[in-house]
Trainee: 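Have a look at this one before I ask anything.
So that the names make sense, note that chain A is the first sequence line, chain B the second, and so on, each numbered from 1. Side chains included, hydrogens not; waters and symmetry mates left out as well; all remaining heavy atoms used. What you are looking at is a predicted structure, and each value in this text was computed from that prediction instead of being measured.
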Amino acid sequence: MQSFGEERGYPLFFLYKNRARVISATVGILSILGSGLFYFWYSRTSSDPTPDSIVGFAYAIVGTSLVVLASILFSLRRRARKRMIGQLHASLDWHVWMGLVGISILFMHSFGNFNPRSGTYALYAMVALVISGVIGRVLDRVLPRQIAVEASKALTMQGDDRLENISQQLQAIVVHNTQELRAFPAATPAAPFAGTPPMPTSATLGMSGGAGRAKTPQLTSSWDLAYISLEETPQEVRQGTQQYRFVPDRRSALAQPGALIPGAQEHLTEMMEVQRAMQREQVYRHIIRYWRLVHILLALLTVGLTVWHLEYALSLLIPTLLPH
Amino acid sequence: MLKPKPVLLHKTGPQVMQELQACIGCNECLLACPALAEPITIDRLNHETLSGPISTPIAQFARSCYQCGACVAPCPVGLHRDSMMMWLKMRLLRSEWEG
């Protein structure tokens, strides 16, 4: 029955009931229980509880048929032209339950014989296949939610691209800072730093011919004219006098990265977080995609080992069936 | 099967809106979906995807979607229904965070 109320939230674990799921689960559980009960009864009462007994062969045929149906039916339904909405979902549920019931029955077919033979290898491959399927279902439940978490980090609340947003803000900061630098008044000469003498001009040199010789020129010029005056130039260091030089203080706020571009470091950090979120999203999507490939490869391996085991079993069975 | 295809990441809100407007409502994506259990109409899905309250069957479908991408190939217009479903997932997630 459809509800038109507003739904919220995205829990990690949830289970939705529908008719097909209930039917497939019921049939699957009853099949496992029924065959299990028969197995216990037969193994206690029979004198020949072996894989090559009549019951053992029956279990083998039923189990193999179920596993084959599990692998084929879903693929056929997926490729069918005519289908209704929801049929694929039901096919997937049947695929899961037929696989579980098939592997259970094949375990019963072994009657506890796990000698290193083709049948045991085929059974192990089948167990690995079922486990990969179960893990795949868990991943299909967990990873899409994690993808949504990472994708949410990469988008703003309005749904726009957050990286683009940050880039625009960074650009605005750079433009603003550039304008601030350009607005620095060019009319006033730059004040010299402490310890650096100003560049000489004709006025400071006092070049006024013979009349100027009697006066000591006001020298604040560069070192090449220092010999004219005996006064120390700022570059000369007198011994014993403490001289202060500019040494960058690592504890200073100006030494922090991004201090000279205020506001940019936070945006850069945010940008890195978004990029990391997108990388994680990509990894999760790859896991979803390639786990399916692992499941299919294990299925192919299982088919190969099962065929090998069938060939071995038929090589034992056919001579006993043929009349001499 | 073994040929690697590029993984497409999420789409932004404007991109999802563009795709929703381009949808012709042929239902091919829903027919191809193995996660959809109960029948829903494509119009209702499109309407509730972008904004507004999300009804129970749409929310259940959105949570069940496992981003397999089976809905992308059958689309005759070349839209990405999986990206639209991811948008729905994000809305459900954010509603949980806001709550």
Trainee: Who among A:Asp161, A:Asn18, A:Leu92, A:Leu155 has the most heavy-atom pairs with chain B under 4.5 Å?
Mentor: A:Leu155
Trainee: Apply the test side chain to side chain contact (heavy atoms under 4.5 Å, CB included) to residues B:Cys68 and A:Arg292: give CA-CA distance (whole Å), side-chain angles for both, the deciding distance (0.1 Å), then the verdict.
Mentor: CA-CA 9 Å; B:Cys68 66; A:Arg292 272 190 188 79; 3.8 Å; yes
Trainee: Could you grab the distance from atom CZ of B:Arg91 to atom CZ of A:Arg8, nearest 0.5 Å is fine?
Mentor: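 Reported value, rounded in 0.5 Å steps: 10.0 Å.
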Trainee: Would you check if A:Asp160 and B:Pro14 make a side-chain contact, meaning some heavy-atom pair closer than 4.5 Å?
Mentor: yes
Trainee: Can you say whether A:Ala90 sits under 4.5 Å from chain B via the side chain, the backbone, both, or neither, judging by heavy atoms?
Mentor: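 Neither the backbone nor the side chain of A:Ala90 comes within 4.5 Å of chain B.
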Trainee: Quick check for you: to the nearest 0.5 Å, what is the distance between A:Arg289 atom CZ and B:Gln67 atom CD?
Mentor: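 With rounding to 0.5 Å, CZ (A:Arg289) is 11.0 Å from CD (B:Gln67).
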Trainee: Which residue is it: B:Glu96, B:Lys89, B:Arg63? I am looking for the one with a side-chain hydrogen bond (donor to acceptor under 3.5 Å, both in side chains) to A:Tyr10.
Mentor: B:Lys89
Trainee: I need the minimum non-hydrogen distance between A:Phe74 and B:Pro34, along with the two atoms involved.
Mentor: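 It is CZ-CB, 4.3 Å.
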Trainee: So, do A:Ile85 and B:Glu38 sit near enough that their side-chain heavy atoms are less than 4.5 Å apart?
Mentor: no
Trainee: Please flag which part of A:Met84 lies under 4.5 Å from any non-hydrogen atom of chain B: side chain, backbone, both or neither.
Mentor: backbone
Trainee: Highest number of heavy-atom pairs under 4.5 Å with chain A: which of B:Leu31, B:Val16, B:Ile58, B:Thr12?
Mentor: B:Leu31
Trainee: Which region of A:Ile288, side chain (C-beta onward) or backbone (N, CA, C, O), has a non-hydrogen atom less than 4.5 Å from a non-hydrogen atom of chain B, or is it both or neither?
Mentor: side chain
Trainee: Measure distances from B:Ala35 to the heavy atoms of chain A and classify the residue's part below 4.5 Å as side chain, backbone, both or neither.
Mentor: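 B:Ala35 touches chain A through backbone heavy atoms alone.
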Trainee: Any idea which heavy atoms bring A:Ala148 and B:Met86 closest together, and the distance?
Mentor: CA-SD, 3.5 Å
Trainee: Can B:Leu93 and A:Arg145 be said to form a side chain to side chain contact (heavy atoms under 4.5 Å, CB included), step by step?
Mentor: CA-CA 8 Å; B:Leu93 207 59; A:Arg145 188 182 183 279; 3.7 Å; yes
Trainee: Using heavy-atom distances under 4.5 Å, tell me whether B:Ala70 contacts chain A through its side chain, its backbone, both, or neither.
Mentor: neither
Trainee: Side chain, backbone, both or neither: which part of A:Ile147 has an atom under 4.5 Å from a heavy atom of chain B?
Mentor: both
Trainee: Is it the side chain or the backbone of A:Arg78 that comes within 4.5 Å of chain B heavy atoms, both, or neither?
Mentor: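 Contact with chain B: none, neither part.
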Trainee: Taking all atoms of both residues into account, what is the closest heavy-atom pair of A:Gly9 and B:Ser95, and its distance?
Mentor: N-OG, 3.1 Å
Trainee: More than 12 heavy atoms of other residues, nucleotides or ligands under 6.0 Å from CD of A:Gln275: yes or no?
Mentor: yes
Trainee: What's the separation between atom NE2 in A:His89 and atom OG in B:Ser64, rounded to the nearest 0.5 Å?
Mentor: 7.0 Å
Trainee: Under a 4.5 Å heavy-atom cut-off, does chain B meet the side chain of A:Ser91, its backbone, both or neither?
Mentor: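 The answer is neither part of A:Ser91.
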Trainee: Ignoring hydrogens and angles, tell me if any N or O in the side chain of B:Gln60 forms a donor-acceptor pair with the backbone of A:Tyr16 under 3.5 Å.
Mentor: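 Not a single qualifying donor-acceptor pair exists.
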Trainee: Nearest 0.5 angstrom please: B:Leu9 CG to A:Met278 CE, how far?
Mentor: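 If I round to the nearest 0.5 Å, the distance is 5.5 Å.
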